[in-house]
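Just below is one structure, and these are the notes that go with it.
In this chain, numbering begins with 1 at the start of the sequence shown.
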Amino acid sequence: MPSEWVAQLHQAALRTDEKLIFDLLEQIPQDYAPMATALADLVNNFRIDKIIDLTQLDSA
């Protein structure tokens, strides 16, 4: 996914904005459905912290 999309997902996760997270997940192409499902599972299992970790941009 584009870096701008990843940044938006990161910000949504930091705000614990589940609606925005799911809106962003809907933008994932069907070819990457397993990734969307895995991210949705994280949200549904209250593991938004994992999404924050996954979307953290490396500042180095």
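- Here the closest non-hydrogen pair linking L25 and A36 is CD1-O, 4.0 Å.
- When every heavy atom of Q27 is checked against every heavy atom of M1, the shortest pair comes out as O-CE, 4.1 Å.
- The nearest pair of heavy atoms linking L24 to W5 is O-NE1, 3.2 Å.
- Residues I51 and T55 share a closest heavy-atom pair of O-OG1, 2.7 Å.
- Across R15 and L20, no two heavy atoms sit closer than the pair NH2-CD2, 3.3 Å.
- Here S3 contributes atom OG and Q8 contributes atom CD; the two are 10.0 Å apart, rounded to the nearest 0.5 Å.
- Tested against L54 for a side-chain contact (heavy atoms from CB on, under 4.5 Å), the candidates D49, V6, L42 yield a single pass: L42.
- Closest approach of A13 to I21, counting heavy atoms only: CA-CD1, 3.9 Å.
- Proximity of Y32 to T37: side-chain heavy atoms (C-beta onward) are nowhere separated by under 4.5 Å.
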| side-chain contact (heavy atoms from CB on, under 4.5 Å) assessment of E18 paired with I48 | CA-CA 9 Å; E18 292 182 12; I48 293 177; 4.0 Å; yes
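- Interatomic distance, F46 CZ to T16 OG1, rounded to the nearest 0.5 Å: 11.5 Å.
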